Trainee: 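Here it is: the structure, laid out below.
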Amino acid sequence: MIRYALLCDDDHDFEAWFSDSAGFDDQNARGLVECPQCGSTRIRKALAAPAVATSRKREASPEHQVGELASKVRAHIRKNYDYVGEDFASEARAIHDGDKPKRLIYGEASADETKALSDDGVPVTPLPDALAPTPPKKAN
């Protein structure tokens, strides 16, 4: 058995056991490996190092603290904002102009769309990839 340190596309880290390397590759390719925090099936192996005794705790490392903060930001956005996908620019403009009810939204917009919104006084904040949550799964 092999224990892998894994990451989803939202950088949630978790561990899983597999019978061998091919077992992980096969299950991951078929979408059977799923993040226990967000349900994403876009999983990759994390960098791994042998366990070595150290006086520095993982929780105290700046990298770990930044990762935890980014995870909390993504969770906050998923919980409090509505995902509008590629309609972000038109939805943001409609909300700003009063054509639609006020609500918090997130989605995708091109650099040109973001600039146009900003130039027109529509409040918009591009999120770095590390903070952008994975879009919710579409129901079939």
Side-chain angles (χ1 to χ4, degrees):
M1 295 293 285
I2 299 174
R3 180 179 68 179
Y4 282 112
L6 303 172
L7 292 169
C8 74
D9 54 344
D10 267 348
D11 289 325
H12 296 133
D13 59 319
F14 60 101
E15 296 179 348
W17 290 86
F18 297 89
S19 58
D20 56 24
S21 179
F24 166 78
D25 293 339
D26 175 59
Q27 290 181 43
N28 196 39
R30 293 188 297 149
L32 300 176
V33 183
E34 185 174 296
C35 174
Q37 293 181 45
C38 69
S40 174
T41 57
R42 292 182 294 230
I43 307 298
R44 66 187 184 282
K45 295 177 190 173
L47 290 177
V52 177
T54 176
S55 61
R56 185 173 167 180
K57 292 186 177 180
R58 180 176 183 237
E59 292 79 22
S61 75
E63 296 84 5
H64 182 74
Q65 292 173 352
V66 168
E68 280 188 4
L69 182 57
S71 181
K72 287 178 183 177
V73 168
R74 287 188 298 271
H76 176 80
I77 292 170
R78 276 192 296 272
K79 180 179 178 185
N80 297 293
Y81 290 65
D82 292 329
Y83 177 71
V84 295
E86 294 179 2
D87 295 332
F88 178 81
S90 61
E91 286 288 317
R93 189 172 303 282
I95 292 168
H96 178 73
D97 292 345
D99 296 334
K100 291 200 173 182
K102 284 191 174 197
R103 63 187 174 130
L104 300 172
I105 61 171
Y106 75 103
E108 288 89 39
S110 69
D112 290 340
E113 290 172 320
T114 302
K115 183 177 181 336
L117 288 169
S118 183
D119 289 347
D120 292 341
V122 179
V124 59
T125 303
L127 293 173
D129 288 342
L131 296 179
T134 303
K137 293 181 182 179
K138 293 182 181 177
N140 290 334

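Note that the coordinates shown come from a computational prediction; the quantities given were computed from them, not determined experimentally. The analysis underlying the following values was restricted to heavy atoms, covering all of them including side chains, and did not include hydrogens, waters or symmetry mates.
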Trainee: Do NZ/NE/NH1/NH2 and the carboxylate oxygens of D97 and R93 come within less than 4.0 Å?
Mentor: no

Trainee: Can you give me the closest heavy-atom contact between L117 and A89, atom names plus distance?
Mentor: CD2-O, 3.7 Å

Trainee: Any chance you could measure E34, atom CD, to S40, atom OG, to the nearest 0.5 Å?
Mentor: 8.0 Å

Trainee: So which residues get pulled into L7's cluster when ILVMFWY side chains under 4.5 Å apart are joined, directly or through others?
Mentor: none

Trainee: With side chains defined as the heavy atoms from C-beta onward, is the minimum distance between S118 and K115 less than 4.5 Å?
Mentor: no

Trainee: Could you point out which residue of D13, D25, D11, D9 forms a salt bridge (Lys or Arg N to Asp or Glu O under 4.0 Å) with R44?
Mentor: D11

Trainee: Would you compute the distance between atom CZ of F24 and atom CG of L32 and round it to the nearest 0.5 angstrom?
Mentor: 11.0 Å

Trainee: Please determine whether residues I95 and Y83 belong to a single hydrophobic cluster, defined as Ile, Leu, Val, Met, Phe, Trp and Tyr linked transitively by side-chain heavy-atom distances below 4.5 Å.
Mentor: no

Trainee: So, do F88 and E108 sit near enough that their side-chain heavy atoms are less than 4.5 Å apart?
Mentor: no

Trainee: If you round to the nearest 0.5 Å, how far is CG of N28 from OH of Y4?
Mentor: 10.5 Å

Trainee: Heavy-atom distance under 4.5 Å between the side chains of K45 and S21, does that happen here?
Mentor: yes

Trainee: With under 30° as parallel and over 60° as perpendicular, where do the rings of Y81 and Y106 fit, or are they tilted in between?
Mentor: perpendicular

Trainee: What do you reckon, is CD of Q37 surrounded by more than 12 foreign heavy atoms closer than 6.0 Å?
Mentor: yes

Trainee: Testing the basics here: between V124 and T114, what is the closest heavy-atom pair and its distance to 0.1 Å?
Mentor: CG1-O, 3.9 Å

Trainee: Let me have the donor-acceptor pairs involving side chains of residues 98-105, under 3.5 Å, with sequence neighbours excluded, atom names and distances please.
Mentor:
residue : atom : partner : partner atom : Å
K100    : NZ   : E91     : OE2          : 2.5
R103    : NH1  : D82     : OD2          : 3.1
R103    : NH2  : E91     : OE1          : 2.6

Trainee: Counting C-beta onward and ignoring hydrogens, is there a side-chain heavy-atom pair between I77 and L127 closer than 4.5 Å?
Mentor: yes

Trainee: Between D10 and R78, is there a side-chain N and carboxylate O pair less than 4.0 Å apart?
Mentor: yes

Trainee: For A92 and V122, work out which heavy atoms get closest and say how close.
Mentor: O-CG1, 3.9 Å

Trainee: Search all heavy atoms of D87 against all heavy atoms of S90 and return the closest pair with its distance.
Mentor: O-OG, 3.1 Å

Trainee: Is there a side-chain contact between S71 and R74 in this structure, where contact means two heavy atoms from C-beta onward sitting under 4.5 Å apart?
Mentor: yes

Trainee: Which heavy atom in C8 sits nearest to a heavy atom in F14, and how many Å separate them?
Mentor: N-CE2, 4.3 Å

Trainee: Out of curiosity, I43 CD1 to H12 NE2, how far, rounded to the nearest 0.5 Å?
Mentor: 10.0 Å

